[in-house]
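Because the structure is a prediction, the values reported are computed rather than measured. In what follows, every chain begins at residue 1, and chains take the letters A, B, ... in the order their sequences are listed.
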Amino acid sequence: MRFTETGFLFFFLPVVFAVYFLFLRRRPRAGNAFLAAASFVFYAWGEPFFVFVMAFSVVVNYAFAFFMDPVSGKKRKLLHIAAVVFDVALLGALKYAAFFSKSLAALTGLALPVSDIPLPAGISFYTFQAISYVTDVYRGKEKAESGLINTALYISFFPQLIAGPIVRYSVIAEEIRRRGCSSRDVSDGIFLFIRGLGKKVLLADRLAVPADAAFRIAKSGKWIGAQTGMSAPMAWLGALAFGLQIYYDFSGYSDMAVGLGRMFGFHLPENFRNPLAAGSVSEFWRRWHITLGEWFRDYVYIPLGGSREGSAKRIRNLFLVWILTGLWHGAGWNFVLWGMVFFTAILLEKLPAMAGPGKNARKERKKGPALRAAGHLWTLLVFFTGMVFFRADSAGLAFRYLSSMFRFSTAGQDAFTFYGSQYGIFLAAGALFALPAPAAVRRFLQKDTPAVLLVKMFLAAVVFIFSAAFIVNVGYTPFIYFAF
Amino acid sequence: MNKAIRKTIIAAFFGVLILLGAGTFLSGKDALKDTAAGMKGRLLGESASKAVEPVLLENVPFRYGWISANGIFYRAAGMEHIFRGNGVERFLLRDGSMTNVHPTKESGPVADAVVSLSDHLEMKGIPFLHVFVPVKNPDDSFLPAGMHDYTYENVLSVLDVLREHGVPSIDLTAEMWTEDAVPSDIFYRTDHHWTAESGMRGAGIIRGKKKDLYGFPYHEEVFREDCYHKTVYEDWYLGSYGAEVGPLYAGADDFSVFSPKAETDFTFEALDYYGLPVNREGPFDGTLTDRSHIGKKRSLSTQCYYTYIGSNYGICTVVNRRSEGTEKILLIRDSFSGVLLPFLCMNYREVTAIDPRYYPFGTVKEYLDGHDVDAVIMVTGPQTAFHEEFTQLGFG
């Protein structure tokens, strides 16, 4: 089920919320059981077969944590390794088998069988949560859940099941066991949910039109059935539109997920913090898909040694994290290359620090406006060009697309004229809303006064009406990150 | 105070959702039951989302309001491009009309089919005329900047081949588009079809050409508006494009219904979509027009266009019992002939119209082999001409 389906908006959400809020919000055990059951229904609605795979994952991870918690030493370590191997194997079998067999076949020329199992929605997300659960229990950060229901709720909680935020177990464990659900939480949750809905429906889905057109032209060399070249302006327009589309699509989903969590008393972590305003690529990744970055930091980068064991190992660790980040997003070489773009950019930024961290830190603080502007431009350049690898179907298409961006050909200018004039307003709005709101606006919106609440209520009503109008008229479109 | 406002917000939000859910359920419960029954035994294989969501969307209450709100958004954002997914796109033209565009297409299959039909008829000594109805965007001057429509280029490339082979043909775009015309002079603004006025004009041009070519009698006055009573339903019709965005995006069209001032007497026989017979007889008004299709003003579901003739029947036959002539005409048609056929019938004894897309009894060739006709006219829209059914008439 998707948050933008009428089935979710008009049936699932009000029914689940009403039952929970009216009868179960003060009864954590029954409330958790209800929410876990609702989450399985939510998943089964769209994935009637793979819900059993998720249930299997829940039971296995619950069992590993349950048996691991009371023991120590080697046995504990072995159980942890077995649990992680199980999770990675499940993900590998369902997401990467076809990629690896195709790649191996291409490399060796062998005729290897290629899996044609469709990718279960959200498997990358709930598997990472499962790994977080067994790892946090292994590390002693949290106790294993004694009952299956809490584990099931943690792994399958419907707001963040399909596309995150990836909530580390230690962050949410306490709220799974005990939480409130105030009218403030619920109303703030509603505002967040509607903000996310608007981001997705009113911005991301509009920006998808020029982005899709540009990548279609790049792939087919045709526009409206006629052969055409790809002009540099159109290539840039497509790249900018896709960059903004994915930002609003994914941050919209995250807002909706966090908002839904709030409605049920959970304070899920924020996933985006104005990433397009970042002054460096490293900073960008501290603001973009924050929970994935933190997951890789806590469960991969730091266990590998992080930045503490010398420059060479630090570079190796960064490299591994970015290879995995790329592969996590998709089983394709274009995603590996996408990861490498960010690895290279971050490495370039970190190299001076590796040479002399103290001096560099001082320089960082003393950056003048020109350097800061250059940092922003560099970040945006890396982001928007890097996203070409993300959007392209293949590495070959990505390189062709990038060459169009920098070839400065004017052939096929009409597509740019059309999409630029029709969708310029959405690009402008997308760019504007990606920046942090002015301090005065932020201060105003943070006030807890009746006037502010009424302003928020009015804005939310407008956004909801126009978003619902699109959904009713045109139908829903899937979120990009559902594919992961 | 704040707590009360917050509680109001919660009640309002979930109240609206519950209201919409209940309305959707009540309106669509039968369809939902059917969907659920259809899913039995396939529960593990089919996503309920995919099966149920279209049914829910169809039954959301206040649909008119939602679609209108969507139109307001498009309008407020200055959008002249409406993208509806799955390749469905609409464009707002400079005169406020809506349209779609088409890519370049191969003329070969269409031209070959028409040439084969023409050759076959020539052998049998049956006169033939091919007609392309007008194109809404003959050039790109009304389209948003940068957009192209290849529809007329496709038409012209077919016509080139037809002329090479000596097939008599009419390009109504060239005939009807005057220098200062705008699309809404010929077409409904909110639909891809031409207006009833244009259909009457088109029928006159076709009839005149038949007279020039074959010497059939021609009563020019039956193609003049002043020979008809005209009822105009103002600001009434939301065509297929208009129904997608509501009346606040491109407005609604006036819809005219004509009724001859002279006495008329017709019979009309057709087979409907389900193969059931449709029979009417009597005067023009009520036999060749059916005002029940006028429906409600600015309704999303009213199909005013079907007021003329009724529907895209696979086959229908009209006999003009007051005609002095004896010609039996076969019209190979698509939906554009809806507003053309009644006026054409004013000047012929008998017209049988076949829409190859819905004709259930084989090919046009098979029909011609089994029936005597005096002439064949093929009238197609610039898009339907490229449909598979129009390229497979049985002469290949």
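Of the atoms belonging to B/Phe73, heavy atoms from both backbone and side chain fall under 4.5 Å from chain A. No part of A/Phe416 comes within reach of chain B, as not one of its non-hydrogen atoms sits under 4.5 angstrom from that chain. Only the backbone of B/Glu244 comes within contact range of chain A, judged by heavy atoms closer than 4.5 Å. With a threshold of 4.5 angstrom between heavy atoms, A/Ser182 does not approach chain B through any atom at all. In this structure, chain B has heavy atoms under 4.5 Å from both the backbone and the side chain of A/Asp188. Neither the backbone nor the side chain of B/Val88 has a heavy atom closer than 4.5 Å to any heavy atom of chain A. The parts of A/Thr6 that come within reach of chain B are both its backbone and its side chain, each placing non-hydrogen atoms under 4.5 angstrom from that chain. Only the side chain of A/Val209 comes within contact range of chain B, with at least one heavy atom under 4.5 Å from a heavy atom of that chain. At a 4.5 Å heavy-atom cutoff, the contact between A/Ile465 and chain B is made by backbone and side-chain atoms alike. Interface remark: A/Leu13 contributes backbone and side-chain atoms alike to the contact with chain B (heavy atom separation under 4.5 Å). Neither the backbone nor the side chain of A/Phe21 comes within less than 4.5 Å of any heavy atom in chain B.
Your options are A/Ala460, A/Ala469, A/Gly46, and the one with the most heavy-atom pairs under 4.5 Å with chain B is A/Ala469. Chosen from B/Leu19, B/Thr8, B/Ile67, B/Val101, the residue pairing most often with chain A at heavy-atom distances under 4.5 Å is B/Ile67. Note on A/Leu9, A/Leu202, A/Asp448: by heavy-atom pairs under 4.5 Å with chain B, the leading option is A/Asp448. Per-residue counts of heavy-atom pairs under 4.5 Å with chain A were compared for B/Ala12, B/Ala22, B/Pro103; the largest is that of B/Pro103. Top candidate by heavy-atom pairs under 4.5 Å with chain A, chosen from B/Leu20, B/Asn2, B/Ile10, is B/Asn2. Counting heavy-atom pairs closer than 4.5 Å to chain B, the top-ranked of the candidates A/Thr449, A/Val452, A/Leu454 is A/Thr449.
Side-chain atoms of B/Ile9 and A/Val186, non-hydrogen and from C-beta on, never get closer than 4.5 Å to each other. Side-chain contact check for A/Phe10 versus B/Leu56: every heavy-atom pair is 4.5 Å or farther apart. Between A/Phe191 and B/Phe13, the closest side-chain pair of non-hydrogen atoms is not below 4.5 Å. The shortest distance between side-chain heavy atoms of B/Met147 and A/Thr417 does not fall below 4.5 Å. The shortest side-chain heavy-atom distance between B/Phe14 and A/Ile190 falls under the 4.5 Å cut-off.
For the atom pair CH2 of B/Trp66 and CG of A/Asn473, the computed distance is 11.5 Å after rounding to the nearest 0.5 Å. Taken from CD1 in B/Ile82 to CD in A/Gln422, the straight-line distance is 9.0 Å, to the nearest 0.5 Å. The structure places CZ of A/Arg2 at 9.0 Å from CD of B/Glu53, a figure rounded to the nearest 0.5 Å. The CD atom of A/Gln227 lies 8.5 Å from the OG1 atom of B/Thr104; values are rounded to the nearest 0.5 Å. Atom CD1 of B/Ile5 and atom CG of A/Leu453 lie 5.5 Å apart (nearest 0.5 Å).
Taking each heavy atom of B/Ala145 and A/Ser421 in turn, the nearest pair found is O-OG, 4.3 Å.
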Next item on the list: Please assess B/His148 against A/Phe418 for the test side chain to side chain contact (heavy atoms under 4.5 Å, CB included), listing each intermediate value before the final yes or no.
Entry: CA-CA 10 Å; B/His148 296 293; A/Phe418 175 71; over 6 Å; no

Checklist line | From CA spacing to verdict: side chain to side chain contact (heavy atoms under 4.5 Å, CB included), B/Asn70, A/Val474 | finding: CA-CA 9 Å; B/Asn70 197 205; A/Val474 188; 4.1 Å; yes

Note to self: side chain to side chain contact (heavy atoms under 4.5 Å, CB included) for A/Phe11 and B/Thr24? Distances and angles first, verdict last.
What the structure shows: CA-CA 9 Å; A/Phe11 292 92; B/Thr24 305; 3.9 Å; yes

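Judged by distance alone, the side chains of B/His81 and A/Tyr419 never bring a donor and an acceptor atom under 3.5 Å apart. Side chains of B/Arg6 and A/Ser187: a donor-acceptor N/O pair is present below 3.5 angstrom, by distance only.
The main-chain N or O of B/Ser49 is never found under 3.5 Å from a side-chain atom of A/Glu5 such that the two would form a donor-acceptor pair.
Taking a 6.0 Å sphere around CZ of A/Phe433, one finds it holds 12 or fewer heavy atoms contributed by other residues, nucleotides or ligands. When the shell of 6.0 Å around CZ of A/Phe444 is examined, it contains more than 12 heavy atoms from other residues, nucleotides or ligands. Within 6.0 Å of NZ on A/Lys219 lie no more than 12 heavy atoms contributed by other residues, nucleotides or ligands.
The side-chain contact (heavy atoms from CB on, under 4.5 Å) test with B/Leu17 singles out one residue from A/Phe17, A/Phe12, A/Phe464, A/Phe8, and that residue is A/Phe464. Considering A/Phe470, A/Phe426, A/Phe466 in turn, A/Phe470 is the only one that fulfils the ring-ring contact (aromatic ring centres under 6.0 Å, His included) rule with B/Tyr74.
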